[in-house]
Amino acid sequence: MADNLYGLIAGVLQAMTHAELSEAPQQIAGLVVPNAEGLSKRQRIDQALTDLPQEQLARLALKFAAHRGDIALDEAGRKVLEASEPPLTHITRRDIARVFGDDLAGERGTVEMVERYFPLSSPLEDFLGSGGRSLRDQVAQHMDRNPGDWSVEYLFGQIGAFDCSRARFGALLEEAVHPLSRSGEEQSQAVAALNKVLARDGYELAQESDLSGHPIFGFRPLVRGVSGRPKNLVFASRGPKPEIGFADAINNDIAILSGEESCLVYDRQIGSNGLLWSELVAWWSDVTPGADAANLGARLQESLASDAERKLFATYFKAYRSVLGEALPALLPQVYLHYDPAVVKTLRHRLPLPRQRMDFLLLLPGRQRIVLEVDGKHHFSENDHPSLKVYADMVSADRELRLAGYEVYRFGANELVGHGAEARIADFFEKLFRLHRVRQ
C-alpha cells in the first residue's frame, strides 16, 4: 500500500517541470523538493520523499488529491491513514446496501449524489454488457429514469463502494440521509436501521447539526460519551472555592454565590463537537475586551497549583497548537463538577459529594469528556501519613465518573517534571487523540 502511495505521489511530481518542482509542491502540500544542480527530476523527487514516514506520505497525498481532484490518489492516502482503525467490512457494506433496497438517493438524483465521491464519467472497460456507455449513463438509466432496475447493492459493486475508504463510504451515507434526500420519519427510520448495521463494526451516524430544523448526520466511530450536554463550566479558580447555587432551577441556570471574582464561567452552548480552544478564545475576547489567546493562557495558568500541572498545560499547547490549529480542543484547568460547602456545613450528617473539582477537562466530539488528574501525595495520604481511606475515596470517585461516561487518566506528579517530561506528555496526547478520534 505504501509503495503504491509513493509511486502515485512521485507520478504527480514527475509530471511537473523542474521549475514547478521548486515551488508547486511547497505551495500545495508544504513539501520541499531539493534543487541541487545536476539532479534529474526523479532524483530530486526521491530525495524529497524517501525518508518520509508512511503517515506523512498519506497526508501529502490528500493535499495533492484535493488540489487535482484526483480520487485515486485521495483513496490511496485515506487507506493508509485508516489502516490502524477498525475496518468497515464488505459484509457490513452489503447489509447497508440492503437497508436502502433500490433507493439510495431518496428525493435527489442518484447520479448527482454518487458522482461527488466516485468517478462515473469514464467508459466501462467491458463494452459487451454496456454498449460503450459510461457508468454515469447506466446509473442515470437504471437508478434515476427507471427506478428498481438496479438494487443499491448492485450499484455499490459497480461504483466500487465495497472496497473504497471508510471516509468515502461514510460521506456517501451522510448524503443518503441528508434532509435533501430524506426527511422526517423516513430519515429517522433510515438512520436507525443503518446504525444497527454500522454498530457491528464500531461506527454510527450521529447528529452533528441541523438545517432549517432538520437533523444533519455525520459518519464517525461509535464512541462512549456522556449523556446530556454540558451547560455550565466553572473553571480556573485562582482563589477561594466558589459556592454554586441555582438562579433558576427550572432552566438549570446557576449563580456563583461567593468567589465569583476568582473563577471563570463559560456560559455558551456546547454542541456535539465539544469545545475548541478557538471557541474559548472567542468567548474570552467578548467578555474581556482587548484580550487575546495569550492573555487567556496566562489567566488559566494562574489557576494551576503545581509545577507538574503547569508543565502538562504548557506542553499541551507547545506540542499541538500548531499541529491541530483550529481543531485544538480546549484544555480546561480546575473544572468544578459540583461544590456545596454551605450544604455540607449545615447538614453535618450528610456525606459530601466526591470529586468536587477536576484538574483538567477536555470536551471532545461525540460527548466524550476526558478528565486528567495530576496526583501529588495528598491523593494517597492524610497528615503526611499513608491513608487507605483517602485512596479508597479517590478510586470510588473515579468509578462514578467512568460509569457516568467520563474517561479518567491519572499522572503521578513526578512523571510531569524533570528529564523526559515533555516527551512523555506529548506521547500521551498523541495516543489520546488517536484513541478518541481527534482529527489532525
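- To the nearest 0.5 Å, the span separating CG on Leu21 from CG on Leu13 amounts to 6.0 Å.
- The aromatic rings of Phe313 and Phe360 lie parallel to each other, their planes meeting at an angle below 30°, with 60° marking the opposite boundary.
- Side chain to side chain, Tyr320 and Glu430 meet the donor-acceptor criterion of an N or O pair below 3.5 Å.
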Phe235 and Gln334: CA distance, side-chain angles, deciding distance, side-chain contact (heavy atoms from CB on, under 4.5 Å) verdict: CA-CA 5 Å; Phe235 63 106; Gln334 308 301 323; 5.7 Å; no
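- For the residue pair Glu75 / Ser165, a side-chain donor-acceptor distance below 3.5 Å is found, with atom types taken as modelled.
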Verdict with supporting geometry, Arg424 and Phe411, side-chain contact (heavy atoms from CB on, under 4.5 Å): CA-CA 11 Å; Arg424 195 173 297 118; Phe411 293 89; 5.9 Å; no
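- The 12-atom threshold is exceeded at NE2 of His18, counting heavy atoms of other residues, nucleotides or ligands nearer than 6.0 Å.
- Between Ser303 and Ser237, the shortest heavy-atom contact is CB-O, 3.3 Å.
- Phe428 and Tyr409 have perpendicular rings, their planes meeting at more than 60° on a 0 to 90° scale where under 30° would count as parallel.
- When atom types are taken as modelled, the side chain of Thr92 and the backbone of Leu88 share no donor-acceptor pair closer than 3.5 angstrom.
- Summarising the geometry, atom CG belonging to Leu155 is positioned 8.0 Å from atom CG belonging to Leu135; distances are rounded to the nearest 0.5 Å.
- Partner of Tyr406 under the side chain to side chain donor-acceptor pair (under 3.5 Å) criterion, chosen from Gln368, Glu400, Arg369: Arg369.
- Between Met394 and Glu373, every side-chain heavy-atom pair lies at or beyond the 4.5 Å cut-off.
- Under the rule for a side chain to side chain donor-acceptor pair (under 3.5 Å), Arg93 has no partner lying at least two apart in sequence or in another chain.
- Ile159 CD1 to Thr110 OG1: the interatomic distance, rounded to the nearest 0.5 Å, is 10.0 Å.
- Between the Asp292 side chain and the Ala294 main chain, a donor and an acceptor come within less than 3.5 Å of each other.
- Partners of Glu415 by salt bridge (charged side-chain N to carboxylate O under 4.0 Å, His left out), not counting sequence neighbours: none found.
- The salt bridge (charged side-chain N to carboxylate O under 4.0 Å, His left out) test applied to Arg299 returns no partner, not counting sequence neighbours.
- By the side chain to side chain donor-acceptor pair (under 3.5 Å) test, Lys41 pairs with no residue at all, sequence neighbours left out.
- Between atom CG of residue Leu362 and atom CG of residue Leu275 there is a gap of 9.5 Å, rounded to the nearest 0.5 Å.
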For the pair Arg268 and Asp286, evaluate side-chain contact (heavy atoms from CB on, under 4.5 Å) and give the outcome as yes or no after the intermediate values. CA-CA 11 Å; Arg268 294 185 177 177; Asp286 287 344; 2.4 Å; yes
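- Ion pairing between Glu153 and Arg94 fails under the 4.0 Å rule for side-chain N and carboxylate O.
- When every heavy atom of Val438 is checked against every heavy atom of Pro329, the shortest pair comes out as CG1-CG, 4.3 Å.
- Between the side chain of Arg310 and the backbone N or O of Leu304 there is at least one donor-acceptor pair closer than 3.5 Å.
- The minimum heavy-atom distance between Leu104 and Ala176, with the atom names listed, is O-CB, 3.6 Å.
- Across Phe219, Phe118, Phe156, a single residue satisfies ring pair (Phe, Tyr, Trp, His ring centres under 6.0 Å) together with Phe169, and that is Phe156.
- With values rounded to the nearest 0.5 angstrom, Ser183 atom OG is found 5.5 Å from Glu107 atom CD.
- The minimum heavy-atom distance linking Leu361 with Leu363 is given by the pair CD2-CD2, 3.9 Å.
- A donor-acceptor pair under 3.5 Å is absent between the side-chain atoms of Ser181 and the main chain of Arg108, judged by distance alone.
- Taking the side chain as every heavy atom from C-beta outward, Phe64 and Asp70 never approach each other to under 4.5 Å.
- Between Arg220 and Pro365, the closest side-chain pair of non-hydrogen atoms is not below 4.5 Å.
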Quick one: do Leu372 and Val374 satisfy side-chain contact (heavy atoms from CB on, under 4.5 Å)? Show the steps, please. CA-CA 7 Å; Leu372 307 181; Val374 179; over 6 Å; no
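- In this structure, Gln56 contributes its side chain and Pro53 its backbone to no donor-acceptor pair below 3.5 Å.
- With hydrogens and angles ignored, the 3.5 Å screen pairs a side-chain donor or acceptor of Ser285 with a backbone N or O of Val281.
- At distances below 3.5 Å, not a single donor-acceptor pair connects side-chain atoms of Asn35 with backbone N or O atoms of Ser22.
- Checked by atom type and distance alone, the side chain of Arg78 never pairs as donor or acceptor with a backbone atom of Arg168 at under 3.5 Å.
- Qualifying salt bridge (charged side-chain N to carboxylate O under 4.0 Å, His left out) partners for Asp149, counting only residues two or more places apart in sequence or in other chains: none.
- Looking at every heavy atom in both residues, Ile216 comes nearest to Pro179 through CD1-CD, 3.5 Å.
- Residues Leu332 and Leu264 have side chains not in contact (no heavy-atom distance under 4.5 Å, counting atoms from C-beta outward).
- In this structure, the side chains of Tyr266 and Val335 stay at 4.5 Å or more apart for every pair of heavy atoms.
- Here the side chains of Asp267 and Trp283 are in contact, with some heavy-atom distance below 4.5 Å.
- Taking NZ from Lys311 and CD1 from Ile425, the interatomic distance works out to 6.5 Å, rounded to the nearest 0.5 Å.
- Formation of a donor-acceptor pair under 3.5 Å by the Asp144 side chain with backbone atoms of Val111 is found in this model.
- In terms of the salt bridge (charged side-chain N to carboxylate O under 4.0 Å, His left out) criterion, residue partners of Asp95 (sequence neighbours excluded) are, by chain and number, Arg200.
- Two residues are said to be in side-chain contact when any heavy atoms from C-beta on lie closer than 4.5 Å; Thr315 and Phe429 fail this criterion.
- Of the possible donor and acceptor atoms, none in the side chain of Asp375 sits under 3.5 Å from a partner among the backbone N and O of Arg410.
- Closest non-hydrogen pair, Asp102 versus Val152, comes out as C-CG2, 3.8 Å.
- Counting heavy atoms from C-beta outward, Leu401 and Val371 have side chains that approach closer than 4.5 Å.
- Under the 30°/60° scheme for interplanar angles, the aromatic rings of His142 and Trp150 are found to lie parallel.
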